[in-house]
Amino acid sequence: MSDSQAIELERLLADVLTDADPAQAVERALTDPNIAEETRAALESIDLDGLRVSALLVAKLRFERLLQGSARAGERFETDPRGFSAEFKRYHLEVPPRSSTPSEEARSFDFWRKAEQAN
Amino acid sequence: MTAIGFTLQPHLPTLELLAGLIEEEPDYYEVTPETLWRPGRDGAFEANGFHQRFLALRAHTGKPFVAHGVGFSVGSARPDSARRERWLGRMREDARAFEFGWYTEHHGVTVLDGRELILPLPVAMNDASVATVRASLACMQTCVPDVGLENSVFYFHLGEPLDEPAFFARVLDAPRTHLLLDLHNVYTTALNAGFEPWEYVQRLPLARVIEIHVSGGRDSDPRWLASGATRRLDSHDDSVPETVWHLLERVLPLCANVRGVTLERMEGTVEPDDVALVREELRRARRIAEKR
């Protein structure tokens, strides 16, 4: 696998793992005739239940990172766990995870929330 | 004699609950460096309150520290150089302050296409990945001379999990590059993939093992998957299973260069009634090490 193919595989995995339905996202990726054969083989070999568990853990870890970085988010989760979880789910699907610390994640979430409320 | 270590979590209630055994039982401490940082005004990482607390523990006990990171993302095919330099800059400062004996990272990739997914994820086991991971270890060596890779748990694989030991042997052939053998991770991967843990262990370059991790874990919630199936998780939130103790007894005599066995336990997973159990786990690890 060349470096460019490795980069392509990483991009596809990131897309799949942050999708609302990771297994369907793999199916969609496999319909692209332009992906490299090694990349296609790697995607076809993925255990879909393992992929679903991984995607759930990615979301869970991001949720925990947010709560670590934002006391306000933690309070809102305590008060309304179902409502806050639904809000986080929207955030997770709409905003690519680019924060490398809890406080950065908290700022990203606040920014998204203000924009959502303004709309 | 092989030293016995304990992971320090940046979580006040856990540290206070375990304060007595933290002082008394381990020979060394392991920290995840990035949990001791916060972003500074200029974008660089700076030390947080737990950094200071753990430095004070080092000064008070005189016991050495080792570093075990999660987020460096050794397998990233195109790592962001600004992110890497920000990370390594802070690690160099911490290496001076803590004098880490060695610095290990989880195998895998946590930053994919610039997206921070936090969970270590698999890389394809090919020549390109060997070169990528070797280059990452060389970067880590600019902070601490002895560096290593831990066998992570992946819930899906890009290739056969039993090929991973050979991948590690290829990656870890440079001087002062080592393997952190996590036995609960072996157990978890074996359970999930359907093979015997020793099939994996016996294929490893055991002469490269610098440290062994032992810990416990749980199964995933059956509601996670529509089929109701579960997966064993690398959650570090329970006592060490007997299978893992047996693996330690069997593998330790074969690791000629091992320097430490570390008990891992995540923050928030220990109740007052568990303290005696955790202490006994450290003592059990020590009894096994003494027989080596």
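Source: prediction; values computed, not measured.
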Is [X] atom [atom1] crowded by more than 12 heavy atoms from other residues, nucleotides or ligands, each under 6.0 Å away?
| X | atom1 | answer |
| --- | --- | --- |
| A:E44 | CD | yes |
| B:R78 | CZ | no |
| A:F111 | CZ | no |
| A:E78 | CD | no |
| B:E46 | CD | yes |

N-O pairing of [X] and [Y] below 4.0 Å:
| X | Y | value |
| --- | --- | --- |
| A:E104 | B:R86 | yes |
| A:D15 | B:R115 | yes |
| A:R98 | B:D80 | no |

Subject >> Heavy-atom proximity to chain B below 4.5 Å, by part of A:T18 >> reply: side chain

Side chains of [X] and [Y]: closer than 4.5 Å at any heavy-atom pair?
| X | Y | result |
| --- | --- | --- |
| A:L57 | B:L233 | yes |
| A:Q5 | B:N126 | no |
| A:L56 | B:L225 | no |
| B:L121 | A:L17 | yes |
| A:V53 | B:W224 | yes |

Part of [X] within contact of chain A (heavy atom distance under 4.5 Å):
| X | value |
| --- | --- |
| B:D127 | neither |
| B:F154 | neither |
| B:S227 | side chain |

Provide the closest heavy-atom pair for [X] versus [Y] in the form atom of the first, atom of the second, distance.
| X | Y | value |
| --- | --- | --- |
| A:S45 | B:G159 | OG-N, 4.3 Å |
| B:L119 | A:S54 | CD2-O, 3.6 Å |
| B:P122 | A:L13 | O-CD1, 4.5 Å |
| B:V111 | A:E10 | O-OE1, 3.9 Å |

**OP:** Give me the one residue out of B:L117, B:T110, B:I118 that meets side chain to side chain contact (heavy atoms under 4.5 Å, CB included) with A:V58.
**Re:** B:L117

Original post:
Can you tell me how far NE2 of B:H157 sits from CG of A:D47, rounded to the nearest 0.5 angstrom?
Top reply: 8.0 Å

Subject >> Point-to-point distance, once rounded to the nearest 0.5 Å, from CD1 of A:I46 to CZ of B:F156 >> reply: 5.0 Å

Counting heavy-atom pairs under 4.5 Å with chain B, which one of [options] comes out on top?
| options | answer |
| --- | --- |
| A:P96, A:S99, A:G69 | A:S99 |
| A:S2, A:A6, A:S100 | A:S100 |
| A:R62, A:R65, A:R52 | A:R65 |

Original post:
Can A:L9 and B:L158 be said to form a side-chain contact (heavy atoms from CB on, under 4.5 Å), step by step?
Top reply: CA-CA 10 Å; A:L9 179 58; B:L158 301 175; 4.0 Å; yes

